[in-house]
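Below: one structure, written as structure tokens.
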Amino acid sequence: MLTVSDISLSFGKRFLFKNVNIKFTPGNCYGLIGANGSGKSTLLKIFSGDQEADSGDIIIPSGQRLAVLQQDHYAFDAHTVMNTVIMGHKELYSIMVQREEIYSKSNMTDEEGMKVAVLEGEFAEMGGYESESEAATLLAGLGVDEKLYEKKMAEVEDNIKVRILIAQALFGNPDILLLDEPTNHLDLESITWLENFLLKFQNTVVVVSHDRHFLNKVCTHIADIDYQQVRLFVGNYEFWWRASQLAAKQRKEQQKKSESKASELKEFIQRFSSNAARSKQATSRKKELDKLELKDLPQTSRRFPYVNFKPERDPGKMILEIKGLAQSFEGKEIFKDVDIIVENGDKIAFVGPNNLAKTIFFDTISSELEPQAGEYKWGVTINMSYFPKDNTNFFDKEINMTDWLRQYSQEEDESFVRGFLGRMLFSGDESLKSVQVLSGGERVRCMLSRMMLNNPNVLIFDEPTAHLDLEAITSLNSGIEEFPGPVMINTHDHQLLSSVANRVIEFTPGGVIDRKLTFDDYLESEDVAKLRDKMYQGQHIRLTL
């Protein structure tokens, strides 16, 4: 169990948390959510002792062990992969090292013999003899090849290090487990394995993640950072989202009623405050107004951008026809002989480990690149809008956001453009900020604004959720779901594909797999699994987004 007692933390005059009191209990998994900058990762650091709060206490019962997903990928470079995992249980690893030091000596003293006997007992009690087997099971589940177990961490690729550090955190059945973005860089099989592991885990878990599908699968509770507090809600992320939307709607309706009543009271006070006959009533109304205004609800720190793609016209029957398309990159063949017909109503998920193929394919059909061979043809009624993976070229001029967006707007009036930016969470003077200093998330919101102003009837997205927070991802998901035209999308967001896609295309070394299936059906299809093995020449290639 993890108890948070009166924790407060501020930076200057700004409070992140104020007098937070909460208990995280065994058998539950808590999804820690909040707006960007609300302090999710900071709070995990306070829990782990890596950062001090201004006041308050973190209470962990005596004898309980806390494990943390390490974020420094280079901290264990001098150690083997196997030892790095076992180091997740510091006390066990210390005993293991002491044992090995004594056993490595050619002559053991009586004192050393007595010491190693005690160490052996402690080692056995902590499950030391099963430690390598447990570590191997964790590594295998996370897709780490057995050939790497005795290699130094310095020799391992960064995306594999992430998996090893997750195994380290899970090792030895910790009483409290803190995970900050554990699904980053994991393939879908590894994520599924981690989900199943956490579903069976009997102790306390607190996790920060932007992966809504993951939060929905593993969370029993949501811990929401808002109003400088942490509030607990029973249920997964989807339940919290629907409940919060309902609550927001009720607060808005209550606020309207309060504003209407306040307006009536102010009018009464103004009319009768100087009338002696009505002065008592006016004073009474004044007190009622003061009381009413004190009940005004505080504004949430969570903000949702407005994402809504409205096509100017129906795309018609003929959308896109591709015949024999081929492309190479730096002398290496990326794909060839690609034949695809996109139909009205298609919502196509582009999946698989070959991210370069997906990006080059999108760049080609959007006329950014010339085909090396083959051809593609868009329907005459198509107005396509493309969200590229790399948007650098769009922001290379010294220009403010208002002028930048005006380039893509038929309505050039500044108030219209600034109003549009406001709906995308750029309020007030923010709309006059130079586009060259925008963050990754701000650039994404600008690119989505550009697409919306284009009134497209076909959408293409290459990793649109990168740099977005949960609120913006949720808004984008809703906008794509409600869009009536064809969509082609490459994204790491499982939930987005599950809710949108009705067709899946995967580029493989043996050609294109193209199936009219939902994304989840594609993952579960035995026929697709057999075809993938064939296309990857019998190798078991784990599916990634």
Side-chain angles (χ1 to χ4, degrees), residues 309 311 313 315-394 396 408 447 450-451 454-464 466 480 483 485-492 497 500-517 522 531-532 534-537 541 543-545:
F309 304 99
R313 62 183 297 179
K317 189 175 181 180
M318 164 60 180
I319 307 299
L320 173 63
E321 188 174 349
I322 299 168
K323 290 182 180 179
L325 199 66
Q327 284 286 24
S328 296
F329 182 73
E330 295 181 348
K332 184 179 178 181
E333 182 180 272
I334 302 299
F335 55 77
K336 67 175 182 178
D337 300 327
V338 173
D339 297 325
I340 296 173
I341 294 176
V342 178
E343 299 174 341
N344 201 352
D346 279 347
K347 302 284 194 296
I348 308 174
F350 284 77
V351 303
N354 195 343
N355 285 309
L356 182 60
K358 291 178 274 188
T359 294
I360 288 181
F361 175 78
F362 285 160
D363 282 348
T364 302
I365 64 172
S366 61
S367 303
E368 297 292 322
L369 293 174
E370 285 290 326
Q372 188 178 38
E375 61 181 6
Y376 65 92
K377 184 180 180 182
W378 288 99
V380 293
T381 60
I382 298 303
N383 176 23
M384 179 271 294
S385 193
Y386 176 37
F387 182 101
K389 185 176 182 176
D390 182 4
N391 57 39
T392 307
N393 292 339
F394 287 88
D396 58 359
Y408 307 106
M447 293 297 290
R450 167 184 169 272
M451 292 178 76
N454 193 34
N455 299 120
N457 52 22
V458 174
L459 298 173
I460 302 177
F461 295 98
D462 193 4
E463 296 191 16
I480 295 175
F483 179 69
V487 176
M488 288 177 269
I489 184 167
N490 168 37
T491 177
H492 295 292
L497 294 187
V500 168
N502 56 23
R503 181 178 173 185
V504 180
I505 290 177
E506 180 174 357
F507 290 98
T508 78
V512 170
I513 301 175
D514 185 351
R515 289 290 180 272
K516 290 266 190 180
L517 294 170
Y522 185 86
L531 181 58
R532 289 188 83 247
K534 181 182 177 183
M535 292 290 205
Y536 287 100
Q537 288 88 46
I541 303 296
L543 186 62
T544 57
L545 294 179

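We number each residue from 1, following the sequence as shown. It should be emphasised that the depicted structure is a prediction, and the values quoted were computed from it without experimental measurement.
Annotation for Gln537: atom CD counts as buried by contact number, over 12 foreign heavy atoms lying within 6.0 Å. Annotation: Lys516, atom NZ; neighbour count of heavy atoms from other residues, nucleotides and ligands within 6.0 Å is above 12. Residue Lys336 qualifies as open at atom NZ: its count of foreign heavy atoms under 6.0 Å is 12 or below.
Going from atom CE of Met384 over to atom CD1 of Ile319 covers 12.0 Å, rounded to the nearest 0.5 Å. In this structure, OH in Tyr376 is found 8.5 Å from CG in Leu325, a value given to the nearest 0.5 Å. Interatomic distance, Phe387 CZ to Phe461 CZ, rounded to the nearest 0.5 Å: 8.0 Å. Taken to the nearest 0.5 Å, the CD1 atom of Ile460 stands 9.5 Å off from the CD1 atom of Ile348. To the nearest 0.5 Å, the span separating CE on Met318 from CG on Asn344 amounts to 12.0 Å. The structure places CG of Asp390 at 10.5 Å from CD of Glu368, a figure rounded to the nearest 0.5 Å.
At a cut-off of 3.5 Å, with distance as the only test, no side-chain donor of Glu463 or Thr491 sits close to an acceptor on the other residue.
Distance alone, capped at 3.5 Å, places no donor-acceptor pair between the Asn383 side chain and the Pro311 backbone. Checked by atom type and distance alone, the side chain of Asp339 pairs as donor or acceptor with a backbone atom of Gly324 at under 3.5 Å. Of the possible polar contacts, none joining the Asn457 side chain to the Ile382 backbone as a donor-acceptor pair under 3.5 Å is found.
Annotation for Asp337 and Ala326: closest pair N-CB, 4.4 Å, computed over non-hydrogen atoms.
You'll find the side chain of Ile480 reaches within 4.5 Å of the side chain of Ile489, heavy atoms only. Residues Leu543 and Arg532 form a side-chain contact, since some pair of their non-hydrogen atoms from C-beta on lies under 4.5 Å apart. Side-chain contact between Pro315 and Trp378: absent, with no pair of heavy atoms (C-beta onward) separated by less than 4.5 Å. Side-chain contact between Ile505 and Val351 is absent, with no heavy-atom pair separated by less than 4.5 Å. Here the side chains of Asn454 and Phe309 are not in contact, with every heavy-atom distance at 4.5 Å or above.
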Using side-chain contact (heavy atoms from CB on, under 4.5 Å), reason through Phe394 and Met447 one step at a time and then give a plain yes or no. CA-CA 9 Å; Phe394 287 88; Met447 293 297 290; 3.7 Å; yes
Applying side-chain contact (heavy atoms from CB on, under 4.5 Å) to Asn455 and Arg313, what does each step give before you reach the verdict? CA-CA 8 Å; Asn455 299 120; Arg313 62 183 297 179; over 6 Å; no
Intermediate values then yes/no, salt bridge (charged side-chain N to carboxylate O under 4.0 Å, His left out), Glu506 and Arg515: CA-CA 9 Å; Glu506 180 174 357; Arg515 289 290 180 272; over 6 Å; no
Asn354 and Thr508: side-chain contact (heavy atoms from CB on, under 4.5 Å), yes or no, with the steps? CA-CA 7 Å; Asn354 195 343; Thr508 78; over 6 Å; no
In sequence, state the C-alpha distance, the side-chain angles, and the governing distance for Met488 and Leu459, and then conclude on side-chain contact (heavy atoms from CB on, under 4.5 Å). CA-CA 6 Å; Met488 288 177 269; Leu459 298 173; over 6 Å; no
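Cation-pi geometry between Arg450 and Tyr408 is met: under 6.0 angstrom from the ring centre, within 45 degrees of the axis.
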Would you mind writing out the side-chain donor-acceptor pairs for residues 358-366 within the sub-3.5 Å range, not counting sequence neighbours?
residue: Lys358; atom: NZ; partner: Gly352; partner atom: O; Å: 2.9
residue: Lys358; atom: NZ; partner: Asn355; partner atom: OD1; Å: 3.0
residue: Lys358; atom: NZ; partner: Asn490; partner atom: OD1; Å: 3.2
residue: Thr359; atom: OG1; partner: Asn355; partner atom: O; Å: 3.4
residue: Thr359; atom: OG1; partner: Asp462; partner atom: OD2; Å: 2.7
residue: Asp363; atom: OD1; partner: Tyr386; partner atom: OH; Å: 2.6
residue: Thr364; atom: OG1; partner: Gln327; partner atom: NE2; Å: 2.9
residue: Thr364; atom: OG1; partner: Ile360; partner atom: O; Å: 2.7
residue: Ser366; atom: OG; partner: Phe362; partner atom: O; Å: 2.7
residue: Ser366; atom: OG; partner: Asp363; partner atom: O; Å: 3.3

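At a threshold of 4.0 Å, the pair Asp346-Arg503 counts as salt-bridged, since one of the basic side-chain nitrogens sits closer than that to a carboxylate oxygen. A salt bridge links Lys323 with Glu321: the distance from a Lys NZ or Arg NE/NH1/NH2 to an Asp or Glu carboxylate oxygen falls below 4.0 Å.
The aromatic rings of Phe350 and Phe507 sit parallel to each other, their planes meeting at less than 30°, with 60° as the upper class boundary.
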